[in-house]
Peer 1: 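Below: one structure in structure tokens.
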Amino acid sequence: LLEASVVAAQAEAWLGVVCFHPQYAVSDGTSWPGFGHMHSVPRLQQWVQDEYDAQQQAACDAARKQGVPLNATTTTTTS
């Protein structure tokens, strides 16, 4: 499930390609299990959210520079 989530999020470039033992347990974030262990799920979620937010902000900035309305709605009139 973890590997599928990394692939689905297209996060391989940030996290790398990893393989896990079937009984591997990810830290819950309350302790650090030691070298070579995966970061906790809450930390990974925060990193993915931060990256998503940065990409959204970059897209908004680019649209603004090009004069594209960000939340444009179209209206139609009938005669």
Side-chain angles (χ1 to χ4, degrees):
L1 179 62
L2 182 58
E3 182 180 2
S5 298
V6 170
V7 172
Q10 298 178 346
E12 301 96 326
W14 296 293
L15 299 176
V17 177
V18 293
C19 297
F20 294 97
H21 185 276
Q23 296 179 356
Y24 180 81
V26 177
S27 168
D28 64 1
T30 60
S31 65
W32 178 246
F35 177 77
H37 289 271
M38 189 77 163
H39 290 285
S40 69
V41 171
R43 179 173 288 175
L44 293 173
Q45 287 173 328
Q46 186 60 52
W47 286 346
V48 170
Q49 185 64 50
D50 290 347
E51 181 61 29
Y52 175 80
D53 292 344
Q55 289 180 6
Q56 290 295 98
Q57 185 61 48
C60 288
D61 292 345
R64 201 171 290 117
K65 286 181 183 178
Q66 294 177 3
V68 176
L70 297 179
N71 290 320
T73 58
T74 58
T75 59
T76 58
T77 58
T78 56
S79 310

Peer 1: Sequence neighbours excluded, which residues qualify as side-chain contact (heavy atoms from CB on, under 4.5 Å) partners of Ala11?
Peer 2: Val6, Ala9, Trp14, Leu15

Peer 1: Output, in order, the C-alpha distance, side-chain angles, deciding distance and verdict of side-chain hydrogen bond (donor to acceptor under 3.5 Å, both in side chains) for Asp61 and Gln57.
Peer 2: CA-CA 6 Å; Asp61 292 345; Gln57 185 61 48; 2.9 Å; yes

Peer 1: Measure the CD-CD distance between Gln46 and Gln49 for me, rounded to the nearest 0.5 Å.
Peer 2: 7.0 Å

Peer 1: Checking Gln45 now: which residues fulfil side-chain hydrogen bond (donor to acceptor under 3.5 Å, both in side chains) with it, not counting sequence neighbours?
Peer 2: none

Peer 1: To the nearest 0.5 Å, how far apart are CD in Glu51 and CD in Gln56?
Peer 2: 11.0 Å

Peer 1: Looking at residues at least two apart in the chain, or sitting in another chain, which of them share a side-chain hydrogen bond (donor to acceptor under 3.5 Å, both in side chains) with Gln66?
Peer 2: none

